[in-house]
Amino acid sequence: MKKAVIAMVVTLGLSACVTINIYFPAAAAEKAADKIIDDIWRLKDAGPSPKKEEPAK
Amino acid sequence: MSGSLNRSNMHNIKSIFLVGLMCFATWAQAEADLDVATPAISALKNSMQARHAQLAAHYASGAVGLTKDGLIALRDITAVPLKDRQGINALVAAENDDRVALYKEIAAGNGHPEWRGEIQNTFSIRWIDKEPAGWYYESGSAWVKK
């Protein structure tokens, strides 16, 4: 009896995982799209310029 | 007797917990980010970035607009300078080929080729959202100037 319950819980858990994994990650896709568009259109002053002009002290 | 039962119960609970944890880790990883740094995607991005130097003027003049399905289209040939007219169709077609390939590669590169349509949808919204004022986008069956 207990074993059956445990087996059920595990099965349910696993199927939930599968469902979640197949679900389209809308937020992640939006983030990815924004990043790619920024790069292609050069919207962000991209490029390796980590050294911001620091006012000389 | 009850001691051994308890132990096996504990073991089962631990297993369930571990399976759950693994699932969560996989899910968290899947949800966290899409990988957009595959060689195929980078190559497409570079190609589109280079082409944008030519396309930017046509977006700005209204000759080319962003379609609602995440592609671009020629909307007013008369806005294209004479010297560019011959090549404009090829330019638009090349950009659209890259865009279609990009959507496909993002889906495939993340192990879900079936996401291609949804990725294209996402992009169609984001392109229009991010385009500068003055460019055209397709809304319903009409072109709208942003």
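In what follows, chains are A, B, ... by sequence order, proteins preceding strands, each numbered from 1.
Grouping the Ile, Leu, Val, Met, Phe, Trp and Tyr side chains by contacts below 4.5 angstrom, directly or via other members, places A:L43 with B:V36. Under the 4.5 Å side-chain contact rule for hydrophobic residues, B:V64 and B:W143 do not share a cluster. Two different hydrophobic clusters hold B:Y59 and B:Y136 under the rule that ILVMFWY side chains link at heavy-atom gaps under 4.5 Å. Two different hydrophobic clusters hold B:L66 and B:I125 under the rule that ILVMFWY side chains link at heavy-atom gaps under 4.5 Å. Placement of B:I77 and B:L91 within a single hydrophobic cluster is found when ILVMFWY residues are connected by side-chain heavy-atom separations under 4.5 Å, directly or transitively.
Between B:L34 and A:K31 there is no side-chain heavy-atom pair separated by less than 4.5 Å. Side chains of A:I36 and B:W127 form no contact here, defined as non-hydrogen atoms less than 4.5 Å apart. At a threshold of 4.5 Å between non-hydrogen side-chain atoms, the residues B:Q49 and A:R42 count as touching.
Neither the backbone nor the side chain of B:L44 has a heavy atom closer than 4.5 Å to any heavy atom of chain A. Proximity to chain A (any heavy atom under 4.5 Å) is shown, for B:L55, by neither the backbone nor the side chain.
Remark: B:R116 CZ is loosely packed, at most 12 non-hydrogen atoms of other residues, nucleotides or ligands lying under 6.0 Å away. At most 12 non-hydrogen atoms from other residues, nucleotides or ligands lie less than 6.0 angstrom from CD of B:Q86.
Interatomic distance, NE2 of B:H52 versus CH2 of A:W41, reported as 7.0 Å (0.5 Å rounding). Note that NZ of B:K45 is 3.5 Å distant from CG of A:D39, once rounded to the nearest 0.5 Å.
Contact count versus chain A (heavy atoms, under 4.5 Å) is highest, among B:M48, B:E118, B:E131, for B:E118.
Ring pair A:F24/B:W115 is perpendicular by interplanar angle, where above 60° counts as perpendicular and below 30° as parallel.
Taking both residues in full, the closest heavy atoms of A:A33 and B:T122 are given as CB-CG2, 4.4 Å, listed atom of the first, atom of the second, then distance.
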